[in-house]
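First up is the structure itself, then whatever we jot down about it.
On a predicted model such as this, the values are computed, not experimentally measured, just so you know. The analysis underlying the following values was restricted to heavy atoms, covering all of them including side chains, and did not include hydrogens, waters or symmetry mates. Start at 1 with the first residue, then count along the sequence.
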Amino acid sequence: MKRAIGLSIAALLLAAPAAAQTTTPPAATTTPSTPGTAQTTTNIPAQSMALSNWYGKSVYDQANNKIGDISDVLIDQQKQASLAIIGVGGFLGIGEKNVAVPFDTITRSVRDGSVYLTMNTTKDALNAAQGLRFDRTTNSWLVDAADGSGRSTMSK
């Protein structure tokens, strides 16, 4: 299920400009869509970023300490990445807490040929934030009020 959601979001993000981008990329050339055909493009903006460079990746603080992993990326009405859901704490997903952070607070760089994500925060700050849980009935993230610790009782 995570992979299907991730691939759907990846398709949306592929056409979306980077969060820090200030210029508008040229319009993509598309072929018309008629019944039984798919609208496609061959003009991918150079500033595009693949969701696979974000989804499931570790996030580090400014001192290079791992603070969590990206569990999901949320898209707003303008089809722009607006929030990242970060899983913090726990071990192998057990006892992990999911929190939402503004997408543009995460910095992407490349180190040794790999994507490296950082935030100007600490693991303690994320652990203190309100936890979220994924509701499969509504297919959305909700405030997790299941327990006082904010630890999620239902993972995605």
Side-chain angles (χ1 to χ4, degrees), residues 1-26 28 44-156:
M1 170 129 179
K2 279 186 180 182
R3 184 144 180 94
I5 292 171
L7 292 175
S8 297
I9 294 171
L12 289 172
L13 277 180
L14 203 56
Q21 180 179 338
T22 57
T23 60
T24 304
I44 307 299
Q47 299 84 8
S48 295
M49 290 186 285
L51 182 61
S52 58
N53 286 328
W54 300 85
Y55 185 75
K57 300 291 184 189
S58 296
V59 181
Y60 298 87
D61 63 16
Q62 299 300 310
N64 296 322
N65 299 308
K66 182 178 173 182
I67 57 176
D69 297 300
I70 296 190
S71 303
D72 208 349
V73 177
L74 305 183
I75 308 300
D76 63 20
Q77 294 296 321
Q78 291 75 38
K79 299 180 182 171
Q80 301 291 316
S82 62
L83 294 172
I85 306 296
I86 298 180
V88 296
F91 180 72
L92 298 175
I94 299 170
E96 184 175 76
K97 175 180 180 177
N98 292 299
V99 298
V101 300
F103 188 77
D104 61 1
T105 62
I106 302 170
T107 303
R108 178 189 174 273
S109 60
V110 177
R111 291 189 181 180
D112 300 322
S114 296
V115 172
Y116 189 78
L117 304 175
T118 58
M119 287 186 69
N120 188 16
T121 191
T122 65
K123 190 173 199 172
D124 289 340
L126 292 180
N127 273 317
Q130 174 65 55
L132 303 173
R133 67 178 174 83
F134 189 77
D135 183 345
R136 292 185 175 144
T137 304
T138 61
N139 200 31
S140 61
W141 287 95
L142 304 173
V143 171
D144 186 6
D147 63 14
S149 71
R151 295 289 171 195
S152 180
T153 57
M154 181 175 164
S155 63
K156 187 170 175 209

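The nearest pair of heavy atoms linking Lys97 to Ala128 is NZ-C, 3.8 Å. Considering every non-hydrogen atom in both Ser140 and Thr138, the closest pair reads OG-OG1, 2.8 Å. In plain terms, the two heavy atoms of Gly68 and Ile86 that are nearest each other are CA-CG2, 3.9 Å. Between Ser71 and Glu96, the shortest heavy-atom contact is OG-OE1, 4.3 Å. The two atoms that bring Asp69 and Gly56 nearest to each other are OD1-O, 4.3 Å, heavy atoms only.
Checked against Leu132 for a side chain to side chain contact (heavy atoms under 4.5 Å, CB included), the options Val99, Ile85, Leu83 give a single hit: Ile85. Residue Lys123 is tested with Leu126, Asn127, Thr121 for a side chain to side chain contact (heavy atoms under 4.5 Å, CB included); the sole match is Asn127.
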Task: Verdict with reasoning, Asn120 to Thr105, per side chain to side chain contact (heavy atoms under 4.5 Å, CB included) - done: CA-CA 8 Å; Asn120 188 16; Thr105 62; over 6 Å; no
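In this structure, CZ on Arg111 lies 7.0 Å from OG1 on Thr118, to the nearest 0.5 angstrom. Within the model, atoms OG1 of Thr107 and CD of Gln62 stand 7.0 Å from one another, a figure rounded to the nearest 0.5 Å. The CE atom of Met119 sits 10.5 Å away from atom CG of Leu117, with the distance rounded to the nearest 0.5 Å. Here the CG-CG distance, from Asp72 to Asn98, works out to 9.0 Å after rounding to the nearest 0.5 Å.
Phe134 and Trp141 have perpendicular rings, their planes meeting at more than 60° on a 0 to 90° scale where under 30° would count as parallel.
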